[in-house]
Amino acid sequence: GNCCNAPQAICQSAPVLFLNGSGTATLTASQVNNGSTADCGLQSLQVSPTSFTCAHVGTPQTVVLTVTDINNRTSTCQTSLSVQDNTPPTVTCKTHSVNLSGNTASISPSDVYDSGSDNCGTVNLQSVSPSNFNCSNVGTNTVTLTVNDGKGNMATCSATVTVNDATPPDIFCQNISVDLISSSVE
């Protein structure tokens with residue numbers, strides 16, 4: 001008979017679920033359960049919803065845990081799930097060449113960015129350092145490109161930037177006057 005206590009669902013207060021490298025995650029009941037009881041015997045422990053994606057990052061997700069005992073009595077609890085992306089993007093750099101204009105040259109992140117990917121699809125070009133060059137940097141220089149995924153994860157790569165001094169030397173012309181003196185030979 002029903003001589004035992006009804007089941008009691010007990011949820012964790014703020015569970016966290018991390019997305020995988022494909023930008024998805026599957027929630028299991030054990031990730032939400034916090035000591036739920038079923039004195040008569042546990043029939044099932046279920047959570048809903050179970051599937052999460054990049055679209056859920058940053059917005060608390062309400063999930064419901066349902067405990068069912070062998071007498072088909074149920075108890076539910078709900079909690080706020082935090083879906084997080086902790087997978088950094090990937091980035092590949094390319095070499096770049098720049099000519100000094102006057103005594104300086106500068107580059108932008110896109111000059112050394114070759115390709116990148118992220119489990120949630122976003123690769124933002126953040127910075128390149130150093131980005132400014134002068135006469136003392138003529139030749140090859142190593143720079144670091146930093147990208148982010150808009151979800152707090154960053155990645156870097158190194159690129160070679162060749163600085164060329166393409167400034168022609170200054171040539172100054174002067175007007176000269178030559179006096180030709182005619183002399184006669186007799």
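Only a predicted model underlies this, so the values are computations on that prediction, with no experimental measurement involved.
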Query - Nearest heavy-atom neighbours spanning S110 and K94 - result: O-CE, 4.2 Å
Please tabulate, one pair per line, all N/O donor-acceptor pairs under 3.5 Å involving side-chain atoms of residues 138-145, not counting sequence neighbours.
unit_1: N141; atom_1: ND2; unit_2: N137; atom_2: O; d: 2.8
unit_1: N141; atom_1: ND2; unit_2: G139; atom_2: O; d: 3.2
unit_1: N141; atom_1: ND2; unit_2: V161; atom_2: O; d: 3.4

Query raised in the report: How long is the span from the OG atom in S44 to the CG atom in N72, to the nearest 0.5 Å?
Result: 8.5 Å
Report task. Start with the C-alpha distance between C135 and L100, add both sets of side-chain angles, then the distance that settles side-chain contact (heavy atoms from CB on, under 4.5 Å), and finish with yes or no. Result -> CA-CA 8 Å; C135 294; L100 291 175; 4.2 Å; yes
Report task. For V57 and F18, run side-chain contact (heavy atoms from CB on, under 4.5 Å): C-alpha distance rounded to whole Å, both residues' side-chain angles, the deciding distance at 0.1 Å, then the answer. Result -> CA-CA 9 Å; V57 173; F18 291 101; over 6 Å; no
Query raised in the report: Is there a donor-acceptor contact under 3.5 Å from the side chain of S22 to the main chain of T24?
Result: no
Report task. Verify side-chain contact (heavy atoms from CB on, under 4.5 Å) between T162 and T95, making sure each step is shown before the conclusion. Result -> CA-CA 8 Å; T162 302; T95 58; over 6 Å; no
Query - Same apolar cluster (I L V M F W Y, side chains within < 4.5 Å links), L125/V98 - result: yes
Query raised in the report: Just checking, any donor-acceptor pair under 3.5 angstrom between side chains of N134 and N103?
Result: no
Query raised in the report: Would T74 and V67 satisfy side-chain contact (heavy atoms from CB on, under 4.5 Å), going step by step from the backbone distance to the final call?
Result: CA-CA 5 Å; T74 62; V67 179; over 6 Å; no
Query raised in the report: Judged by atom type as modelled, is there a donor-acceptor pair below 3.5 Å linking the side chain of Q61 to the main-chain atoms of T59?
Result: yes
Report summary line: Rounding to 0.5 Å, atoms CG (N71) and SG (C4) come to a distance of 5.5 Å
**Report entry** Any side-chain heavy-atom pair of V91 and V147 under 4.5 Å
**Finding:** yes
Query raised in the report: Just by distance, do the side chain of S36 and the backbone of A9 share a donor-acceptor pair under 3.5 Å?
Result: no
Query - Separation between CG of D149 and OG1 of T90, rounded to the nearest 0.5 Å - result: 10.5 Å
Query raised in the report: Nearest heavy-atom pair of D85 and L19: which atoms, and what distance?
Result: CB-CD1, 4.2 Å
Query raised in the report: Hey, does the side chain of N33 reach the backbone of L45 with a donor-acceptor pair shorter than 3.5 angstrom?
Result: no
Requested in this report: Scan side-chain atoms only and decide if N132 and T104 contain a donor-acceptor pair under the 3.5 Å cut-off.
Outcome: no
Report task. Would you name the heavy atoms of D69 and P7 that are closest together and state the gap between them? Result -> OD2-CD, 3.4 Å
Report summary line: Between P89 and A155, the two heavy atoms sitting closest are O-CB, 3.2 Å
Query raised in the report: Are S97 and N164 close enough that some pair of their side-chain heavy atoms sits under 4.5 Å apart?
Result: yes
Query raised in the report: In terms of hydrophobic clusters joined by side-chain contacts under 4.5 Å, are V112 and M154 together?
Result: no
Requested in this report: May I ask you to test the V64-C77 pair for a side-chain heavy-atom distance under 4.5 Å?
Outcome: no
Requested in this report: Answer with yes or no whether the side chains of T28 and S30 bring together a donor and an acceptor at under 3.5 Å.
Outcome: yes
Query - Validation row: T87, N20 side chains within 4.5 angstrom (heavy atoms) - result: no
**Report entry** Sub-4.5 Å side-chain heavy-atom contact between C120 and K151
**Finding:** yes
Query raised in the report: Are Q126 and N148 close enough that a side-chain donor and a side-chain acceptor fall under 3.5 Å?
Result: yes
Requested in this report: State, with a plain yes or no, whether a side-chain heavy atom of V128 is found less than 4.5 Å away from one of Y113.
Outcome: no
Query raised in the report: Taking T79 for the side chain and Q12 for the main chain, is one N or O donor matched with an acceptor at less than 3.5 Å?
Result: yes
Query - Backbone of N5 reached by a side-chain donor or acceptor of R73 within 3.5 Å - result: yes
Query raised in the report: Distance from I107 atom CD1 to H96 atom NE2, nearest 0.5 Å?
Result: 6.0 Å
Query raised in the report: How far does OG1 of T50 sit from CD of Q31, to the nearest 0.5 angstrom?
Result: 10.5 Å
Query - Check: L81 and L27 side chains under 4.5 Å, non-hydrogen atoms - result: yes
Requested in this report: Return the minimal non-hydrogen interatomic distance between S80 and P60, and the atom names on each side.
Outcome: OG-CB, 3.1 Å
Query - Spatial distance of atom OG1 (T37) from atom CD (Q8) [nearest 0.5 Å] - result: 5.0 Å
